[in-house]
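The chains referred to below are lettered A, B, ... by the order of the sequence lines, with proteins before strands, and numbering in each begins at 1. Computed from a prediction, not measured in an experiment: that's the story for all the values here.
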Amino acid sequence: MADRSYSKKEKLKSRKRLGELFATGRSFSIFPVKVFFTATEMQEKGSVQAGVGVSARNFKKAVDRNRIKRLLRECYRLNKTALTEAAAAKHKALGVFFLYVGKDLPEYPALTEKMIAALNRLTDELNR
RNA sequence: CCCACAACCCGAGCUAUCGCUCCCCGUUUCGGCGGGGGGAGGAAAGUCCGGACAGCGCAGAGCAACCCACCGGUUAAGCGCCGGCCUCUCAACGCAGCAAUGCGGGCGGAGAGAGAAAGUGCCACAGAAAAUAACUACUUCUCCCCACAGUAGUGUGGGGAGAAGAAAAGGUGAAAAUGUGAGGUAAAAGCUCACAGUAAAGGCUGGUAACAGCCGUUACGGGUAAACCUUGGGUGCUGUAAUGCCAUGUAUAGGACCGCCUGAGGGCUGCUCGCCCGAGGUCCAGGGUAGGCAGCAUGAUCCUGGCAGUAAUGCCCGGGCCAGAUAAAUGAUAGUUUAGAAACAGAAUCCGGCUUACGAGGUUGUGUUUUUU
């Protein structure tokens with residue numbers, strides 16, 4: 001049974017962690033989503049914390065930004081299983097941030113496709 | 001009946017699957033799990049006004065800056081709202097007229113509603129001239145020329161030049177020196193008079209007041225203050241990333257400069273004066289923290305009803321508790337119904353307003369056009 005929840009514990013919080021992520025993390029881009037991530041070794045079982053964001057420069061209205069963030073969260077929530085399992089197997093603490101860099105409002109099916117691609121690549125990076 | 005506009009109401013429902021956040025109850029091996037419940041707006045928006053709340057300041061004076069500008073009420077407060085006054089504009093309608101139109105009228109609309117008689121500036125185009133007005137035409141005087149009359153001084157008429165008078169005529173303009181009539185004069189002119197108009201201060205009457213009406217007096221000097229300005233009244237600054245507290249952690253290490261009463265530096269809103277505090281201060285390099293609680297949601301609160309008031313609004317009885325996150329929840333997908341792929345749009349300390357954006361429909365009101373009877 002796949003875990004599809006996305007509760008507070010799985011969210012990447014705190015400005016400090018985000019600052020570190022943008023400053024030192026690695027990144028790749030699968031348009032229209034840019035992914036930042038860091039992986040650190042853990043003694044215990046691994047974990048994943050993820051966050052999403054949109055630039056207010058590209059979307060002036062708060063309603064549009066909310067919509068994009070909700071879609072990103074939804075896509076991540078429904079497709080994250082492989083990634084969490086990989087992280088647990090490798091004993092790594094993974095921090096990920098999905099930044100939407102497109103300039104148009106996304107459609108749900110297209111965004112799901114991109115998200116799956118991004119998650120697959122993340123999983124590959126972990127397993128390497 | 002259709003269309004447009006204004007005000008008020010509403011701002012989607014259902015089903016399935018997968019999710020988020022807060023509260024309560026139960027349970028727990030303290031990781032969770034189960035059940036129940038709450039979960040964006042009329043504008044949450046713009047941040048344009050006004051407050052609450054908080055911190056800092058609270059010897060004083062001057063200047064600067066900013067805001068307000070008919071009256072009364074309302075309110076916690078207001079540049080809001082309600083009612084009234086004034087000015088401008090104006091529908092129906094009435095009167096006159098063949099008509100164009102004029103006069104009255106006043107539903108409704110607008111007003112950045114103190115002062116243009118303190119001063120400075122500006123007033124496109126047109127026009128002579130846009131403010132202590134002389135272009136044409138007019139009048140008087142002086143000089144010159146011509147014609148006529150006369151012996152002559154001179155007189156009459158015409159033309160030219162100069163000086164002066166004069167805003168009555170012309171035509172321009174959004175606006176032209178208050179209008180009409182009479183007197184007056186060389187020609188004229190509020191120069192004088194009558195009537196009318198406007199303004200100022202005064203008196204009486206009505207009104208809480210703005211103001212209105214009447215009386216006599218004086219003046220008549222265009223507009224613009226959304227140009228500077230003047231007058232009157234008012235204003236501490238910063239905003240919840242405010243602010244108070246708890247916890248965690250490092251380095252009591254290093255370097256440079258200034259100063260310790262002959263005083264560095266700081267505070268007193270933007271400036272100046274003046275006053276006060278004052279033994280540490282500034283910078284570089286390096287190290288650490290960046291977690292939690294309060295603020296924070298029972299309030300100028302919402303709903304029903306009653307009473308007072310023209311109304312805005314206030315008071316009273318009863319009932320309700322209605323988001324509280326912190327990278328930031330309230331959703332995603334599919335189907336379906338209304339009505340067609342619901343429009344504008346997402347709380348971040350909280351209220352009262354204003355402004356702007358917007359959807360289908362309902363109710364009420366107003367207006368235009370056409371057709372039919």
Side-chain angles (χ1 to χ4, degrees):
Chain A
M1 181 62 194
D3 179 16
R4 289 176 182 166
S5 72
Y6 181 56
S7 65
K8 262 187 175 178
K9 287 188 301 185
E10 297 177 56
K11 289 176 187 167
L12 184 60
K13 312 219 282 184
S14 103
R15 287 180 171 274
K16 181 193 174 187
R17 296 287 309 280
L18 282 168
E20 286 175 7
L21 184 59
F22 287 125
T24 66
R26 300 166 59 194
S27 71
F28 61 88
S29 183
I30 296 180
F31 192 82
V33 180
K34 188 168 188 183
V35 183
F36 296 83
F37 69 98
T38 54
T40 44
E41 295 287 345
M42 294 277 286
Q43 298 299 321
E44 310 285 318
K45 56 184 177 178
S47 67
V48 180
Q49 287 191 312
V52 297
V54 200
S55 168
R57 200 177 306 157
N58 293 336
F59 294 91
K60 283 182 72 180
K61 291 179 183 173
V63 170
D64 295 336
R65 291 197 297 275
N66 274 347
R67 166 80 183 169
I68 290 168
K69 286 182 340 190
R70 280 165 180 162
L71 284 175
L72 284 172
R73 271 197 290 267
E74 200 68 8
C75 295
Y76 171 75
R77 180 174 73 79
L78 294 173
N79 299 291
K80 66 175 184 171
T81 318
L83 183 65
T84 47
E85 282 170 356
K90 291 278 177 179
H91 298 286
K92 295 218 170 155
L94 188 64
V96 199
F97 193 84
F98 301 95
L99 185 69
Y100 189 81
V101 293
K103 296 199 193 306
D104 303 308
L105 269 175
E107 291 292 322
Y108 177 73
L111 197 60
T112 304
E113 233 172 79
K114 299 291 181 182
M115 178 59 78
I116 289 170
L119 289 172
N120 286 338
R121 174 146 175 202
L122 268 177
T123 312
D124 291 348
E125 295 269 355
L126 267 182
N127 289 331
R128 207 158 39 182

Problem - Spacing of the P atoms in C86(B) and G106(B) (rounded, Å) - result: 12 Å

Problem - G-U wobble or Watson-Crick pairing nucleotide for G213(B) (cut-off 3.5 Å, both distances) - result: C204(B)

Completion exercise
Closest of A347(B), C18(B), A328(B) to the Leu78(A) side chain is C18(B)

Handout entry: Complementary nucleotide for C191(B) - Watson-Crick or wobble, under 3.5 Å
Key = G183(B)

Problem - Pair assignment for G155(B), Watson-Crick or G-U wobble, requiring both distances under 3.5 Å - result: C148(B)

Completion exercise
Using Watson-Crick geometry (N1-N3 plus N6-O4 or O6-N4) or G-U wobble (N1-O2, O6-N3), each under 3.5 Å, C138(B) is paired with G165(B)

Practice task
Could you work out the separation of G94(B) and U89(B) based on their P atoms and round it to a whole Å?
Solution key: 24 Å

Problem - Interatomic distance where NZ belongs to Lys61(A) and C1' belongs to C344(B) [whole Å] - result: 8 Å

Fill in the blank from the handout: Classified by glycosidic angle (syn within 90° of 0, else anti), A342(B) comes out syn

Fill in the blank from the handout: Base orientation of A40(B), chi within 90° of 0 counted as syn, else anti, reads syn

Handout entry: Test of ring centre spacing under 6.0 Å for Phe97(A) and Phe37(A)
Key = no

Practice task
Rounded to the nearest angstrom, tell me the gap between atom CZ in Arg77(A) and atom C1' in G331(B).
Solution key: 9 Å

Practice task
Tell me whether G31(B) sits syn or anti, counting syn as a glycosidic angle within 90° of 0.
Solution key: syn

Handout entry: For G106(B), glycosidic torsion class - syn if within 90° of 0, otherwise anti
Key = anti

Handout entry: Gap between atoms CD and C1', on Glu74(A) and U17(B) respectively (whole Å)
Key = 11 Å

Practice task
Write down the partner of G26(B) under the Watson-Crick or G-U wobble criteria, each distance required to be under 3.5 Å.
Solution key: C33(B)

Fill in the blank from the handout: Residues Phe28(A) and Ala118(A): closest non-hydrogen pair is CZ-O, 3.8 Å

Practice task
Rounded to whole angstrom, note down the C1' distance from C81(B) over to A76(B).
Solution key: 15 Å

Exercise for the section: Find the distance between CZ (Phe98(A)) and CG (Leu72(A)) and round it off to the nearest 0.5 Å. Expected result: 8.0 Å

Practice task
Measure from CZ on Arg65(A) to C1' on A328(B) and round the result to the nearest Å.
Solution key: 12 Å

Practice task
Of all the heavy-atom pairs spanning Leu111(A) and Leu71(A), show the shortest one and how long it is.
Solution key: CD2-CB, 3.8 Å

Fill in the blank from the handout: In Watson-Crick or G-U wobble terms, with both distances under 3.5 Å, the base opposite A54(B) is U238(B)

Exercise for the section: Could you tell me the separation between the CG atom of Leu72(A) and the C1' atom of A327(B), rounded to a whole number of Å? Expected result: 13 Å

Problem - Interatomic distance, Arg70(A) CZ vs A328(B) P [rounded to whole Å] - result: 12 Å

Fill in the blank from the handout: In Watson-Crick or G-U wobble terms, with both distances under 3.5 Å, the base opposite A297(B) is none

Completion exercise
Separation of A332(B) atom P from Tyr76(A) atom OH, nearest Å, is 20 Å

Completion exercise
Here the pair of heavy atoms bringing Asn79(A) nearest to Leu119(A) is O-CD1, 3.2 Å

Completion exercise
The answer to which of Arg67(A) and Asp64(A) contacts RNA chain B further toward the 5' end, by nearest nucleotide, is Arg67(A)

Practice task
Could you tell me which non-hydrogen atom of Asn58(A) sits nearest to which non-hydrogen atom of Gly102(A), and how far apart they are?
Solution key: ND2-O, 3.7 Å

Fill in the blank from the handout: The answer to which of Val52(A) and Val63(A) contacts RNA chain B further toward the 5' end, by nearest nucleotide, is Val52(A)

Handout entry: Spacing of the P atoms in A300(B) and C268(B) (rounded, Å)
Key = 33 Å

Fill in the blank from the handout: Relative to its sugar, using the 90° cut-off around 0, the base of G190(B) is syn

Problem - Pairwise P distance, G19(B) and C33(B) [rounded to whole Å] - result: 11 Å

Problem - Watson-Crick/G-U partner (both atom distances under 3.5 Å) of A96(B) - result: U101(B)

Exercise for the section: Using modelled atom types only, decide if a donor and an acceptor are shared between the side chain of Arg65(A) and the backbone of Phe59(A) within a distance under 3.5 Å. Expected result: yes

Completion exercise
Taken to the nearest whole Å, CG/Leu111(A) to P/G331(B) is 19 Å

Problem - U333(B) phosphate, OP1 or OP2, under 4.0 Å from Arg73(A) side-chain N/O - result: no

Handout entry: P gap between G80(B) and C271(B), integer Å
Key = 34 Å

Problem - Span that lies between the P atom of U349(B) and that of U243(B), in whole angstrom - result: 14 Å

Exercise for the section: Using the P atoms only, state how far A341(B) lies from G367(B), rounded to an integer number of Å. Expected result: 40 Å

